[in-house]
Amino acid sequence: MPNSPHTYKDLAPPRRLLLGPGPSMVHPRVLRTMSTPLVGHLDPEFLAIMDEIQELLRWIFQTDNALTIAVSGTGSAAMETAIVNLIEPGDRVVVGINGVFGTRIAQMVTRSGGTVVGIEVAWGQPIPLNQIAHILQTAGPIKAVALVHAETSTGVWQSLEHLGPLCHDHGALLIVDAVTSLGGVPVQVDAWHIDACYSATQKCLSCPPGLAPLTFSQRAQDVLRNRKTPCQSWYLDCTLVADYWTEGKRTYHHTAPISMSYALREALRLIHEEGLEARFARHQRNSQALLAGLEALGFALVPPAKQSLPTLTCVSLPEWLDDKTARSTLLHDFSIEVGGGLGPLAGKVWRIGLMGESSTFESVMTLLAALEQICSHVAPSHSLGQSITAALKEYSAFAHP
Ligand SMILES: *Cc1c(COP(=O)(O)O)cnc(C)c1O
């Protein structure tokens, strides 16, 4: 039991440089906006904020989709929203499984009563699109194809080229997980004919975790409207949630997370000020410099170079470096967070996120400088400055480092 009013001190979390798989660094403007006064979730002032969020979300998803919202919850809530709304018992769903998040989608499909037609490839490899084409052509009716655009557990950047029209030719929906791609690399929902696409606030949008952008195409909305059974989740039922987001309806469903909505609006406004092209170029530049520095230290890229994400660099450790010790030194001595490996990659790789506000020249230099210190202790043959030099050389290839 609390015994004195002095037991609980003022909260004073350490200042970390967040270079893991999320959450990423948050701009002070976003943090500041979260401490502004609340209004009610049906207040006209708040509804106007929601309209702006919707407008900015359509812009960042590159879509005109009417049903474009922020789900109350994290990325997994948006993933679940896509699956439980679009998949009914008996539906067959092709799922690309090459890491944690493809596996998670498959679990959600199964829980929705659907049957998973899994395409399993080794972690670190992309899903071959010709295999999807083959299944669509030969395996009978498929309700949807679900792929992870940016597999955060392996750093694989999945190609989605021509996939949308192919799915539609066979009567299937295309569901895309863009949690670690939206705001970091191009995501073009309309041009790529994606039917359901979702993300999360705490990765490349650089907002605290708590909301999850989601957009449904007209085709997906038609599937939703023609369901035989009601969606098993009341909370995530898009037919109900959408009414709150629709001008003229605004029916109470659940209380919108007001402060998080403020934060998302500000984070999107920052992205809008930067511009998408400039933002993508920044992510590309910093990740290339980081990789050059890491390779100089003996780390090796896990995915094929052409399909390695600029937002998350997954590298295997040099054999002389111990995963747990080195990550703990980074955290405690240098206050830098990077991610360890998951599943079959546990203990063998690091996942370094350069997402949104974390993708800066300063982040790259700070991390490499700290790693040089750590590596030179373990492997004294390492000369200090090597990886910084390699990264700077990479930067010099770009016009504006
Ligand atoms: C982080 C992540 C999720 C899940 O998001 P949470 O916010 O942790 O629920 C889903 N898919 C991918 C690709 C992710 O990186």
Side-chain angles (χ1 to χ4, degrees), residues 18-26 57 61 69-84 93 95-109 111 121 123-127 145-160 174-187 189 194 196-215 233 235-236 257 260 263-264 267 283 287 302-303 307-314 337-343 345 349-356 358-359:
L18 299 174
L19 303 180
S24 56
M25 300 299 282
V26 175
L57 286 179
F61 273 126
I69 62 173
V71 176
S72 306
T74 64
S76 305
M79 184 191 283
E80 193 135 28
T81 303
I83 301 300
V84 298
V93 183
V95 184
I97 305 174
N98 55 349
V100 167
F101 296 103
T103 307
R104 188 172 295 181
I105 294 176
Q107 287 165 349
M108 290 182 183
V109 168
R111 286 187 183 212
V121 303
W123 286 39
Q125 291 304 312
I127 304 294
V145 171
L147 284 183
V148 180
H149 188 213
E151 185 41 91
T152 321
S153 60
T154 62
V156 166
W157 190 357
Q158 177 66 45
S159 155
L160 300 169
L174 176 59
I175 302 173
V176 172
D177 177 317
V179 174
T180 294
S181 52
L182 190 73
V185 298
V187 175
V189 168
I194 299 172
C197 192
Y198 57 85
S199 191
T201 45
Q202 79 275 20
K203 309 231 175 153
C204 303
L205 304 182
S206 273
C207 194
L211 283 176
L214 170 89
T215 186
S233 167
Y235 193 75
L236 301 176
M260 271 308 300
L264 176 58
H283 281 80
S287 73
V302 171
Q307 283 177 287
S308 171
L309 282 165
T311 54
L312 187 121
T313 303
C314 183
E337 177 180 277
V338 299
L342 299 173
L345 301 179
V349 306
W350 279 1
R351 295 175 304 136
I352 304 172
L354 293 179
M355 305 180 190
S358 297
S359 175

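Indexing begins at 1, ligand by ligand and atom by atom, following the structure's order. Hydrogens, waters and symmetry mates are skipped; everything else that's a heavy atom, side chains included, is used. Because the structure is predicted, anything quoted here is derived from the model rather than measured.
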Next item on the list: Go through the steps for Trp157 and Thr311 under the test side chain to side chain contact (heavy atoms under 4.5 Å, CB included), then give the verdict.
Entry: CA-CA 9 Å; Trp157 190 357; Thr311 54; over 6 Å; no

Solution key, residues 203-210 side-chain donor-acceptor pairs under 3.5 Å, sequence neighbours excluded:
residue : atom : partner : partner atom : Å
Ser206  : OG   : Ser24   : OG           : 3.2
Ser206  : OG   : Met25   : O            : 3.0
Ser206  : OG   : Glu357  : N            : 2.7

Next item on the list: Give a yes or no answer on whether the side chain of His283 reaches the backbone of Met355 with a donor-acceptor pair at less than 3.5 Å.
Entry: no

Item checked: Which residues share a side-chain hydrogen bond (donor to acceptor under 3.5 Å, both in side chains) with Ser181, sequence neighbours left out -> His149

Note to self: At less than 4.0 angstrom from any atom of ligand 1, which residues have a non-hydrogen atom? List them by chain and residue number.
What the structure shows: Thr74, Gly75, Ser76, Met79, Phe101, Arg104, Val148, Ala150, Thr152, Asp177, Val179, Thr180, Gln202, Lys203

Checklist line | Closest non-hydrogen atom pair between Leu342 and Trp123, with its separation | finding: O-CZ3, 3.4 Å

Pairs of donor and acceptor atoms involving the side chains of residues 73-80, under 3.5 Å and at least two apart or interchain, shall be tabulated with distances.
residue : atom : partner : partner atom : Å
Ser76   : OG   : Arg104  : NH1          : 2.8

